[in-house]
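Since the structure comes first, as structure tokens, the remarks are kept for the end.
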Amino acid sequence: MGKRPAPYPEIPAQPNFPEIEARVLARWRREKTFERSVAQRPASSGGAAGDNEFVFYDGPPFANGLPHFGHLLTGYVKDVVPRYQTLRGRRVERRFGWDCHGLPAEMEAERELGVQGRAAIRAYGIEKFNDYCRASVLRYTGQWRKTVTRAGRWVDFENDYKTMGLPYMESVLWAFKTLWDKGLLYEGTRVLPYSWAAQTPLSNFETRLDDSLRARQDPAVTVRFELLPEPSQGGDPLPTELLAWTTTPWTLPSNLAVAVGPELDYALLELDGKNGKRRVILGAACVQKFAAELGAARQVGSVKGRALVGRRYRPLFPFFAELAQPAEGGPGAFRVLAADFVDVEEGTGVVHMAPGFGEEDMEICRAAGLPAPVPVDEAGRFTAEVSDYAGMLVFDANPKIIRDLRERGALLRHETIEHNYPHCWRTDEPLIYRAMNSWYLQVSRFKARMVELNRRINWIPGHVRDGLFGKWLETARDWSISRNRFWGTPIPVWKSDDPQHPRVDVYGGLDEIERDFGRRPRDLHRPHIDEFLRPNPDDPSGKSTMRRVPEVLDVWFDSGSMPFAQAHYPFENREWFEKHFPADFIVEYLAQTRGWFYTMHVLATALFDRHPFANCMCHGVALDTEGRKLSKRLRNYPEPEEVFRTHGSDALRWYLVSSPILRGSDLAVAKDGKPIADVVRGVLNPLWSAWHFFCLYANADGMRARLGGGAEGAAAEAGSHAILDRYILAKTRALVEEVAKRMDRYDLAGACQAVAAHLDALNNWFIRRSRPRFWRARNADGPEDLDKQAAYDTLGRALETLCRTASPLLPFLTDEIYKGLCGGESVHLGDWPDPQKDGLPADPQLVADMDQVREVCSAAFALRRRENVRIRQPLRALTVAGPGAARLRPFVELIRDEVNVKEVRLEADSAGIASLRLQVNARALGPRLGKMTQKIIQAAKQGRWEQDADGNVRVTGEEFGPEGLHLEKNEFDLRLEAREDNDASRQGLQALPSGEAIAALDFRLDETLLREGLARDVVRVVQQARRAAGLHVSDRIRLGLQLPDSYREAVAAFEDYVRENTLATSISSLAAPESDAVPAQCFAAELEGEPVQISVEKAAP
RNA sequence: GGGCCUGUAGCUCAGCUGGUUAGAGCAUCCGCCUGAUAAGCGGAAGGUCCGUGGUUCAAAUCCACGCAGGCCCA
């Protein structure tokens, strides 16, 4: 008999997953699998153009940083969903994008070039600076590509988009111009969060990114503002001062007013000072806080804030003293103003106002006709206007300012407070608030529409729509879109440089610029674009020039433009854009509700009156086990490269995608990566194990599974075991449907759970129960071979379908198995399983029955455990009694084998061993009977009920009257329970959890049963010896045994059994050893404490 | 100060369109099988469902008020 060729790969039981992944990656690259998986799906299904596309937008990462753990998580989701949709037949194009502009790039360039600040950059040369930025932002693209590729993420790097590309930027200009034409842009002066370190204002949402709020210690001072006598009221009887509190002493030199709450009560205190009596005014509710300083003071009156409004005071500093004189009939500076926002929670109820440095200050002061001087330069240093502190960084000036106040007698209290203070997300330096000129998008005008359009978006998790994002939209403010920087899309506005001849031009594209300037920009970046000058057409003298304003656009304007700018819309691809907007799906981390999600929504609403994406998934943040953010500095996370090397990408993918982080919560990642190893153990190994089993036996038998249809037919032909075939195929169908349902809802974790549960059914039920069918010797075309073929067909089909179903979740492993199983093309080029075409029967009843079978077996095992009887010991009989028992008829063989009994009896009547318990269906009963429900539940629990011959059930008891209370059929279930006083002897009883049947195991043993049990014990030790000897599962052996008497007798009585189950061609007795030494070729073991020896010798086949 | 989320077994989390006895995985304990897998399988133990009130015949689930944690906004 010649050796049959192995139809399947010879694979190890313990695979090296990283090695497999490397192989699969090489194959994908060689066979251009990704490209083909996209290309083979038509964009339209024959209906409307593009109707077969699933549109995915890839949020562009900042290009000049390296990919980190968080990117991997997002990347996996960005891969799983498109792979799934591709299987479903959709065309899913995936363009990678690079976010090139903005502060991150500029900061890095400043650092590396040693050029700090705007003035230094101008001196260095804007062109050289920007050239440096351009080169540096693409520095890590290679590393990105490598990591993303290694993670198995399929994305198109060739056809990527870059926000610094000319076409992209031209689309951004178009957006600006379009918004301008709609009247949604304006230029204005406002107080903005300003990063003096980065020398630029930030948008309100940039200050909210990540952990920009950080604890910081600052001085808090309480200062005295000395009121000037009020001649009209005859003057104050004594010198009087207002107390004000601030945590930004450096703004005091710019103080122009103080504000009080008009309706608040203020206390008038009198105290003795060095220079005689004086009076102090502060919020009545705040007096207590200043007990230390004002303890000796007497309250001599109280006054409403309203009454203080208009009073003048002496400026603390001389720098802006001239503003006390009203400019054009206004009231002038250094007066008490009214402001509703003033409260007495913090401070004194009197608020110092520096309109150049506070948003509310500016509003209040502007209403009072006051200017907003800003004596602080771009770098956060005082200007010459404030001569005493000129050149000092404002925070550094605090101590000197406080000292000067003290010397001047203007300081009441100096303390230090720790508070949360916003910091610059790029430089980590504290921000200041500063009046700036800026360009604004008037978001407040279409806020309501954004809220409306948001209702069309499906957010995952759902609460984000009306919660985090919805609430944020409702409070949206105008967006400061300009930055006083260099590396960005230029604001396309040209202004006349002569105010006598004003003119403003806005350009929305290269053609328009060429038309007016006579040449076409080849690069829209500064400084080139700044060189486009022309005479002002509105100036008859011809002397003034149109010059571009210096600002560039906020980088978030770039990324918000991604849906149209990536396609150079509207200059090209008009149709393409229409078909790819809005996106079907995007995913980023939760904080992008302030970033990319938000800016896309703003621009989509303003420009197109549409929502930009239909399904948006927000995931949480990965933290370490201490709850800290993952940081390079702390090295508190498993290195991705290391995980790839040890466990592989599929394990990491599964770990992340199956975790609650996808539902928006945070995930604690253990640095040691143990949970990832658990994925290997719990998911990858079992899947591999099933495949290994298949290969092992199929190769030994030289048989192939027939996958192309007919498996079901083959299963039907086969004998008694075919029910397992039908079961696993029906179970597989249920899996396919469950995973589809989950994936369609973007519940990736749920899909993982379904796959993991299925693996258990496949390995620990179908395969384990089917093993004898794979063991049996071939017998050319006998019934054994038909059954064997059916088993291979079924297992092959189950594996093949499982691979296709799980391929988005485990793209490497499933492709490796699929290729070995089916040959030919990658699993990722196939279709989602179709139960009809793939012959997967729908049989929920069979699946439910099999679940019941497993319950019966579990019950039997529990009974054995209770009685301390090992499973190898055959027992006389298992009885399953109850109305549900008959359904198990087709499974008796299976149960008999699994629980090791000689007979399985199914009986409808369980009266002898079980009693009935009434379980009322409260859901049905409640609406009908209301209050009575609880009493009925009580009665049922106490067994106060009767059943008549027709099966009618009445609960009895005084409260239900003499007749009792009749229950309708749908209002109760009768469940079986083991009877304490059962009439069976030596029987263990265990009710099934379903209550439909009760299992009774007969533990009475006789000589034969005992012997068989011992024979099985012998078989077990022989199997251990086989394994120890390194034999193949199908090798035949000559078996030698040296056993205690009882076992020898058992082997003699069950010799055939022992031979069959150990593949022994002969069994002989070994001579009793003369010493304790074990002969070299023998395997030593113990049976019930007695030493035994076994020799296994490979026999001819 | 306001908003959103979270609070369930030792740990990580399901369940929460109200329905009697609250589940899973991991960890623990006990045991078992073994001609694929000991990186396996089974069984058991483990819970005032954060608290207090309320609605209801019935609350982990709905409502109110708290408490604790996270995030966001003032």
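Every chain is numbered from 1, with letters handed out A, B, ... down the list of sequences.
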Checking base pairs now: Watson-Crick or wobble, both atom distances under 3.5 Å. What partners [N]?
N: B/rG40; result: B/rC32
N: B/rC71; result: B/rG3
N: B/rC26; result: B/rG10

- Task: Pick the P atom in B/rA24 and in B/rA9, then give their distance to the nearest Å.
- Result: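 Pairwise P distance, B/rA24 against B/rA9, rounds to 14 Å.
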Nearest-angstrom distance from the residue atom [atom1] of [X] to [atom2] of [N]:
X: A/E855; N: B/rG42; atom1: CD; atom2: P; answer: 14 Å
X: A/L468; N: B/rG70; atom1: CG; atom2: C1'; answer: 12 Å
X: A/E474; N: B/rC4; atom1: CD; atom2: P; answer: 10 Å
X: A/Y433; N: B/rA74; atom1: OH; atom2: C1'; answer: 11 Å
X: A/K471; N: B/rC4; atom1: NZ; atom2: P; answer: 5 Å

Among [options], which nucleotide has an atom closest to any side-chain atom of [X]?
X: A/R477; options: B/rU34, B/rA74, B/rG35; answer: B/rA74
X: A/F861; options: B/rU37, B/rG42, B/rC72; answer: B/rG42
X: A/W472; options: B/rG40, B/rC73, B/rG43; answer: B/rC73

- Message: Categorize A/N763 for me: base, sugar-phosphate, or nothing, with a 4.0 angstrom heavy-atom threshold over every strand shown.
- Response: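 If one applies the 4.0 Å heavy-atom cut-off, A/N763 turns out to touch a base.
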Counterpart residues, side-chain contact (heavy atoms from CB on, under 4.5 Å), relative to [X] (two or more places apart):
X: A/A1025; result: A/F1083, A/I1094, A/V1096
X: A/L192; result: A/R190, A/P201, A/M436, A/S438, A/Y440, A/S480
X: A/L1063; result: A/R1026, A/R1036

- Query: What salt bridge (charged side-chain N to carboxylate O under 4.0 Å, His left out) pairs are there with at least one residue in residues 676-685 of chain A, not counting sequence neighbours?
  - Reply: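 Checked against salt bridge (charged side-chain N to carboxylate O under 4.0 Å, His left out) - neighbours excluded - the pairs reaching residues 676-685 of chain A are A/K674-A/D678, A/D678-A/R681.
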Show me the donor-acceptor pairs within less than 3.5 Å that the side chains of residues 461-468 of chain A make with the rest of the protein, sequence neighbours left out.
unit_1	atom_1	unit_2	atom_2	d
A/R465	NH1	A/R455	O	3.4
A/D466	OD1	A/R455	NH1	3.4

Which pairs, protein N/O on one side and nucleotides 16-19 of chain B N/O on the other, fall under 3.5 Å?
unit_1	atom_1	unit_2	atom_2	d
B/rG19	OP2	A/R923	NH2	3.2

- Query: RNA chain B: A/L590 or A/A862, which has the more 5' nearest nucleotide?
  - Reply: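 Result of the comparison: A/A862.
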- Message: Generate the contact string for nucleotides 22-32 of chain B. Rules: B means base contact, S means sugar-phosphate contact only, - means no protein heavy atom under 4.0 Å.
- Response: ----SS--S-S
- Looking at A/R742 and A/E738, does any basic side-chain N land under 4.0 Å from a carboxylate oxygen?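 So A/R742 pairs with A/E738 through a salt bridge.
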- For A/F469, which residues count as a ring pair (Phe, Tyr, Trp, His ring centres under 6.0 Å) partner, sequence neighbours excluded? A/W459, A/H601
- List for me each residue that meets ring pair (Phe, Tyr, Trp, His ring centres under 6.0 Å) alongside A/F1054, sequence neighbours excluded, and say none if there are none. none
